[in-house]
2 protein chains.
Amino acid sequence: MKIELGWLLMATSTVENYLKAVLRQEEATGSTTVGEVAKELAVTPGTVTTMMKHLDEEKLVDYQPRKSLSLTLEGRSAALKVVRRHRLIELFLVQIMGLDWSEVHEEAEILEHVISDRLLDRIDVMLGEPTHDPHGDPIPDRDGNLAQVEATPLDEAEGGNYRIVRVSDDDSDLLGWLDENGLTIGEEFALAHPNRAAGVLEISRSTGAKVQLGVQAAGQVFVEAISA
Amino acid sequence: MKIELGWLLMATSTVENYLKAVLRQEEATGSTTVGEVAKELAVTPGTVTTMMKHLDEEKLVDYQPRKSLSLTLEGRSAALKVVRRHRLIELFLVQIMGLDWSEVHEEAEILEHVISDRLLDRIDVMLGEPTHDPHGDPIPDRDGNLAQVEATPLDEAEGGNYRIVRVSDDDSDLLGWLDENGLTIGEEFALAHPNRAAGVLEISRSTGAKVQLGVQAAGQVFVEAISA
DNA sequence: AACAATATCTTGATCAGTCAAGATAAAATG
DNA sequence: CATTTTATCTTGACTGATCAAGATATTGTT
């Protein structure tokens, strides 16, 4: 007879990645499933099943096979800590180290799991306890409070004047392209007649420059309406 | 019948640590053995045997079971890259991030394996392509050239005037203590009559302060004689 | 040289994380 | 509701890194 010892070891970076994935999807859609997590982590569903059983034991998620899957308070808090690390690191890499906003995501994805609390603290202080990362994502505070960024995906916006408040951070090519076209956080522009049939949006910047971008890309850019 | 496929995957951080260990011992004593490596990495000899067979296949070490063990040129170069990373990171953590020289070793031990070449480059430039880390260890240059630091272990020094040029970086407590007593890199002092029987050395700093330290600790501090 | 001590090597096992592929349950469709 | 599709779960296997413990070689001693 085999005795199930369960897990004795600590939350490795693997665990942190699972928690992050669940959090991300809960934030995006209000809930998640084994399949979604598997897709996000590029792993088979069976692997996620196994992992969720472990995380349930550790009380990091609440997992009822085939029924429901969600973070516990503890799990959410752990996930938010990782997100905080990730975003502080991204901002650090851009502001202090002078890296480009299109290349910091990968690096932060690794560093978020290994940097000491002490170093993270230095970073936080050095940056002046910032509230948003280079892509406009809010940085959870020390207590795990996460500000909401309310913004419209550009592909759903009507014609009018807007300011860019956030851009999805995981498409490095898009970020590079946006940068080349002056479309960074805080940039303001006018959106012309949304001709959805063509799948192309046209933007006019204050410099007069016009930029076209596809709905696909526009879906990654989040804006808020401005009066001017 | 089982076909031996060998290793298909890349040099993980584990491999880097083995290479570093071999390098360190070759530098310290001119050669190394399975047992020494095992001791340094806190691993059983059998584990080292297995690893060395793999590294031999990868042409990173030259391993003749029970006969000899040494780095190949390629292995040495790989090891020096890791050392370069380690020392640049240590200096970065002290100079830019304001961490204490007694607490950067652990952090660098992890970061050395995960930081991108790009980020390392920024660090190198930001620090002005430095030649020595906070503990006085030389930083290998981009091409893997490693300057020699010639210095005497303090426990072998005669009475006279000396300057501290290097301190072993792996004893955090000692580093903390040295710092508290003003004994940092570049500090000059007079060493009094080495009374070896008692196992204690006495140092007089320019401030007039006298400090005693044991031979054990003194062995970790490396000095060069000065005229004054 | 013969024996003891030490260093090294081999073998079988374990652990975390994963996949493949088949089993099962739930949801959607007619 | 019966059937098909889809989602999920289970099982057995594999990989890299490791250890324990026994086997073997090398070295040192008398």
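Every chain is numbered from 1, with letters handed out A, B, ... down the list of sequences. Bear in mind that the values here come from a model prediction, so they are computed numbers and not experimental data. Below, all heavy atoms of this structure are taken into account, side chains as well, without hydrogens, waters or symmetry copies.
- With sequence neighbours excluded, no residue forms a salt bridge (Lys or Arg N to Asp or Glu O under 4.0 Å) with B:Glu106.
- Contact annotation: A:Tyr63 does not reach the phosphate of D:dT8 (side-chain N/O to OP1 or OP2, under 4.0 Å).
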Tabulated below should be each protein N or O lying under 3.5 Å from an N or O of nucleotides 25-29 of chain C; please produce it.
none

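- In this entry the distance linking CE of B:Met51 with P of D:dG16 reads 11 Å, nearest Å.
- Rounded to an integer number of Å, the gap from CG of B:Asp56 to P of C:dC9 is 11 Å.
- No salt bridge links B:Arg87 with B:Asp169; every basic N to acidic carboxylate O contact stays at or beyond 4.0 Å.
- Contacts of residues 34-47 of chain A with DNA chain C (heavy atom under 4.0 Å): A:Ala42, A:Val43, A:Thr44, A:Thr47.
- For the OP1/OP2 pair of C:dG17 and a distance below 4.0 Å, the side-chain nitrogens and oxygens of A:Thr14 include at least one atom meeting the criterion.
- Sorted by first and then second residue, the pairs that involve residues 111-150 of chain B and meet ring pair (Phe, Tyr, Trp, His ring centres under 6.0 Å), not counting sequence neighbours, are B:Trp101-B:His135.
- If you take CD of B:Glu58 and P of D:dG16, they are 11 Å apart, rounded to a whole angstrom.
- Note: CE (B:Met52) to C1' (C:dT10) measures 17 Å, nearest angstrom.
- Contact annotation: B:Lys53 side-chain N/O to C:dC9 OP1/OP2 distance is not under 4.0 Å.
- Summarising the geometry, the separation between CG on B:Asn17 and C1' on D:dG16 is reported as 15 Å, rounded to the nearest angstrom.
- With sequence neighbours left out, B:Glu156 forms a side chain to side chain donor-acceptor pair (under 3.5 Å) with no residue at all.
- Judged as a side chain to side chain donor-acceptor pair (under 3.5 Å), and not counting sequence neighbours, the contacts of B:Arg85 are B:Asp117.
- Take A:Asp179 and apply the side chain to side chain donor-acceptor pair (under 3.5 Å) test, not counting sequence neighbours, and it matches no residue.
- If you measure from atom NE2 of B:His54 to atom C1' of C:dT10, you get 13 Å, rounded to the nearest angstrom.
- Nucleotide D:dG16 holds its P atom 17 Å from the CD atom of B:Glu16, rounded to whole Å.
- Here A:Thr50 does not reach the OP1 or OP2 of D:dT10: none of its side-chain N or O atoms lies under 4.0 Å away.
- Between A:Tyr18 and the phosphate of C:dT18, there is a side-chain N or O to OP1/OP2 separation shorter than 4.0 Å.
- Remark: the B:Thr29 side chain and the B:Gln25 side chain contain no N/O donor-acceptor pair separated by less than 3.5 Å.
- With sequence neighbours left out, the salt bridge (Lys or Arg N to Asp or Glu O under 4.0 Å) criterion links A:Glu107 to no other residue.
- By the side chain to side chain donor-acceptor pair (under 3.5 Å) test, A:Arg122 pairs with no residue at all, sequence neighbours left out.
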